[in-house]
Amino acid sequence: MLSVLIPVYNYDVLELISDINKQCIAEKLIFEIIIIEDGSSRLFNNSEINSIVNARYEILKKNVGRSKI
């Protein structure tokens with residue numbers, strides 16, 4: 001299984017996640033994509049990520065930094 005883990009802070013990643021998802025499906029991989037929003041003040045349309053197959057989007061209320069995520 002391939003796990004793609006992406007920490008996000010004030011950035012729109014919906015297109016990126018969609019592209020990664022399409023590539024993994026095309027390669028017939030077993031995969032998961034986990035995106036964690038690190039206390040961002042701007043959330044863009046990232047919540048739509050939860051509607052993408054094998055993708056999960058979580059929001060942290062407090063910024064903890066990339067290494068802690």
Side-chain angles (χ1 to χ4, degrees):
M1 173 183 260
L2 173 67
S3 293
V4 180
L5 311 171
I6 303 174
V8 177
Y9 183 78
N10 287 342
Y11 195 78
D12 184 358
V13 293
L14 182 59
E15 186 176 342
L16 171 67
I17 301 309
S18 180
D19 289 345
I20 291 171
N21 189 59
K22 288 175 188 174
Q23 291 173 21
C24 288
I25 289 172
E27 294 297 322
K28 298 179 181 165
L29 299 174
I30 298 171
F31 69 98
E32 66 179 350
I33 305 171
I34 301 171
I35 302 89
I36 300 180
E37 189 82 50
D38 193 16
S40 297
S41 57
R42 297 176 58 193
L43 299 179
F44 300 94
N45 293 325
N46 290 337
S47 61
E48 293 180 27
I49 292 169
N50 286 323
S51 65
I52 298 173
V53 176
N54 297 327
R56 185 173 79 225
Y57 175 72
E58 298 178 20
I59 301 172
L60 299 180
K61 293 180 182 179
K62 181 181 176 188
N63 184 298
V64 296
R66 286 183 297 202
S67 59
K68 195 165 188 174
I69 287 177

- Going through the checks in order, is the side-chain contact (heavy atoms from CB on, under 4.5 Å) test met by Lys22 and Ile25? CA-CA 5 Å; Lys22 288 175 188 174; Ile25 289 172; 5.8 Å; no
- Message: Is there a side-chain contact (heavy atoms from CB on, under 4.5 Å) between Ile35 and Asn46? Walk through the geometry before answering.
- Response: CA-CA 9 Å; Ile35 302 89; Asn46 290 337; over 6 Å; no
- Separation between NZ (Lys62) and CG (Leu60), nearest 0.5 Å, reads 11.0 Å
- Does the side chain of Tyr9 come under 3.5 Å of the side chain of Glu37 through a donor N or O and an acceptor N or O? no
- Message: Quick check for you: to the nearest 0.5 Å, what is the distance between Ile20 atom CD1 and Leu29 atom CG?
- Response: 12.0 Å
- Query: Stepwise, does the side-chain contact (heavy atoms from CB on, under 4.5 Å) test hold for Asp38 with Val8?
  - Reply: CA-CA 6 Å; Asp38 193 16; Val8 177; over 6 Å; no
- Nearest-0.5 Å distance, CD of residue Glu58 to CD1 of residue Ile36: 5.0 Å
- Knowing that exactly one of Asn21, Leu5, Asn54, Leu16 qualifies, which makes a side-chain contact (heavy atoms from CB on, under 4.5 Å) with Ile33? Asn21
- Query: Do Leu2 and Cys24 come close enough that some side-chain heavy atom pair is under 4.5 Å?
  - Reply: yes
- Message: What's the separation between atom OG in Ser47 and atom CG in Leu14, rounded to the nearest 0.5 Å?
- Response: 8.5 Å
- Query: Can you tell me how far CD1 of Ile59 sits from OG of Ser40, rounded to the nearest 0.5 angstrom?
  - Reply: 8.5 Å
- Task: Drop me the distance from Ile6's CD1 to Tyr57's OH, to the nearest 0.5 angstrom.
- Result: 12.0 Å
- Other residues, nucleotides, ligands: >12 heavy atoms within 6.0 Å of Phe44 CZ: yes
